[in-house]
Amino acid sequence: MKVHVIPNAGEARADQLLHKTAVVIDVLRATSTIVTALSEGATGILSVETVMEAKAMQRTGDLLGGERFGRKIAGFELGNSPEEYQSGRVFGRRVILTTTNGTRAIHKAERSDHVLAGSLLNAEACAEAAVLLRRDIALFCAGSHDEFALEDGLCAGLLLDRMIALSATPIEADDLGCAMLGFYRQNAGDIYGTLVRSASGRRMAKLGFGKDVQFCAQVNRFDAVPRLSGDTMTIV
Ligand SMILES: O=C(O)[C@H](CS(=O)(=O)O)OP(=O)(O)O
Ligand SMILES: [Mg+2]
């Protein structure tokens with residue numbers, strides 16, 4: 001099984017996704033939010049690229065969630081902080097989500113055979129689900145504004161580490177995958193510190209979302225593996 005790492009949404013090419021299982025990774029914060037929302041009983045997450053689209057798609061009972069410039073969008077019920085999606089707020093509701101990087105990466109990944117949402121929060125379960133799908137895998141780091149984001153690379157390294165442990169057949173990683181695997185193994189004892197020191201982590205702290213970084217740094221908090229079915233992510 002081949003595993004390829006895509007460094008950011010802007011660099012994703014069709015040939016890297018076709019006939020594969022894509023695992024979209026946006027640790028800070030979109031896929032962490034999606035994993036949390038579905039673990040907390042949301043019925044599905046519809047990812048859209050624009051605010052207008054989100055408003056147009058809203059049906060009775062749906063919640064609008066997401067951010068622009070990191071902050072909750074005017075008129076939306078929810079921002080992009082995973083913890084907002086707890087305490088029963090999303091239980092039984094569909095969420096229409098639009099974020100700067102993560103939802104865009106999910107759209108780009110749609111050309112793959114299977115699309116999963118990965119994060120530190122569901123790493124083990126996600127690695128296992130991806131391996132069981134028996135396709136070559138694209139670890140699709142959403143990145144930030146078309147640049148590589150360290151927290152996504154760290155998560156790609158963790159997923160690769162778990163895939164190697166779980167797969168019955170050998171895993172053949174590309175060069176970026178090997179680099180991220182090494183980076184993860186070097187920093188496995190300080191996941192939170194690595195996130196805090198990353199550019200996105202520092203940006204989150206500046207915006208007042210330091211608690212989100214702490215939340216998103218939890219490894220294997222959830223077993224839920226969001227999977228795209230039609231246009232909506234649900235739990236497999
Ligand atoms: O809200 C976030 O975490 C980011 C916002 S920004 O790109 O850092 O301004 O969006 P995401 O799509 O979750 O990376
Ligand atoms: Mg991000």
Side-chain angles (χ1 to χ4, degrees), residues 5-12 22-39 42 45-51 53-54 63-86 90 95-110 115-123 126 139-159 180 191-192 194-218 222 226 228 233:
V5 176
I6 298 172
N8 63 68
E11 287 187 52
V23 180
V24 178
I25 303 167
D26 188 352
V27 170
L28 297 173
R29 298 169 287 174
T31 56
S32 298
T33 295
I34 291 170
V35 169
T36 304
L38 290 172
S39 301
I45 310 289
L46 176 64
S47 299
V48 299
E49 295 204 47
T50 67
V51 173
E53 223 182 316
L63 294 169
L64 296 182
E67 56 70 36
R68 284 298 179 269
F69 307 104
R71 303 204 183 277
K72 187 161 89 170
I73 298 159
F76 279 35
E77 288 87 3
L78 298 154
N80 194 24
S81 292
E83 282 184 299
E84 285 180 76
Y85 292 72
Q86 295 189 295
V90 298
V95 178
I96 304 178
L97 186 73
T98 181
T99 75
T100 312
N101 310 292
T103 53
R104 183 165 157 248
I106 290 169
H107 276 269
K108 280 209 160 186
E110 273 170 7
V115 182
L116 309 180
S119 67
L120 298 169
L121 297 171
N122 69 339
C126 183
L139 295 176
F140 187 164
C141 299
S144 186
H145 304 270
D146 288 348
E147 289 190 3
F148 174 71
L150 196 62
E151 69 279 8
D152 297 341
L154 178 75
C155 184
L158 165 58
L159 291 172
M180 291 304 103
I191 298 285
Y192 172 62
T194 307
L195 258 56
V196 166
R197 288 188 294 273
S198 71
S200 308
R202 284 181 273 128
R203 178 173 153 71
M204 287 291 119
K206 255 190 209 158
L207 288 167
F209 297 129
K211 261 185 89 184
D212 287 359
V213 178
Q214 212 169 348
F215 186 90
C216 296
Q218 299 171 93
F222 298 120
L228 202 61
M233 281 214 154

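Both ligands and their constituent atoms are indexed starting at 1 by order of listing. Basis for what follows: all heavy atoms, side chains included, without hydrogens, waters or symmetry-related copies.
- Between Ala30 and ligand 1, at least one N/O pair is under 3.5 Å apart.
- Arg29 places a side-chain heavy atom less than 4.5 Å from the side chain of Glu67.
- Thr98 is listed as a side-chain neighbour of Phe76, based on a closest heavy-atom distance under 4.5 Å.
- Under 4.0 Å from ligand 1, not a single heavy atom of Arg104 appears.
- The salt bridge (charged side-chain N to carboxylate O under 4.0 Å, His left out) search around Arg197 returns Asp190, not counting sequence neighbours.
- Contacts with ligand 1 closer than 4.0 Å are made by heavy atoms of both the backbone and the side chain of Asn101.
- Counting only heavy atoms of the protein, atom 3 (O) of ligand 1 lies nearest to Arg29 NE, 2.8 Å.
- Around atom CD of Glu110, more than 12 heavy atoms belonging to other residues, nucleotides or ligands sit under 6.0 Å away.
- Listed by atom number, the atoms of ligand 1 under 4.0 Å from Arg203 heavy atoms are 6 (S), 8 (O), 9 (O).
- Against a heavy-atom cut-off of under 4.0 Å, Met204 is close to the following atoms of ligand 1: 2 (C), 3 (O).
- When hydrogens are left out, the protein atom nearest atom 10 (O) of ligand 1 is Glu67 OE2, 3.0 Å; that is the closest non-hydrogen contact.
- Using a 4.5 Å heavy-atom cutoff, the side chains of Phe215 and Leu121 are in contact.
- Listed by chain and number, the residues in a side chain to side chain donor-acceptor pair (under 3.5 Å) with Ser32 amount to none (sequence neighbours excluded).
- Here is the list of ligand 1 atoms found below 4.0 Å of a heavy atom in Gly102: 12 (O).
- Remark: side-chain polar atoms of Thr31 are paired, donor with acceptor, to backbone N or O of Asp26 under 3.5 angstrom.
- At least one heavy atom of Gly70 sits less than 4.0 Å from an atom of ligand 1.
- No side-chain donor-acceptor contact under 3.5 Å links Asn8 to the backbone of Ala142.
- Residue-to-ligand polar distances place His145 within reach of ligand 1: an N/O pair is separated by less than 3.5 Å.
- Put simply, the side chain of Tyr85 gets close to the backbone of Gly79: a donor and an acceptor are under 3.5 Å apart.
- Summarising the contacts of atom 11 (P) of ligand 1 with Ile34, Thr103, Thr100, Asp26, the nearest heavy atom is found in Asp26.
- Rounded to 10°, the angle that O of Leu28 and OD1 of Asp26 form at the Mg ion (ligand 2) is 90°.
- Of the polar atoms of Leu28, at least one N or O is found under 3.5 Å from an N or O of ligand 1, judged by distance alone.
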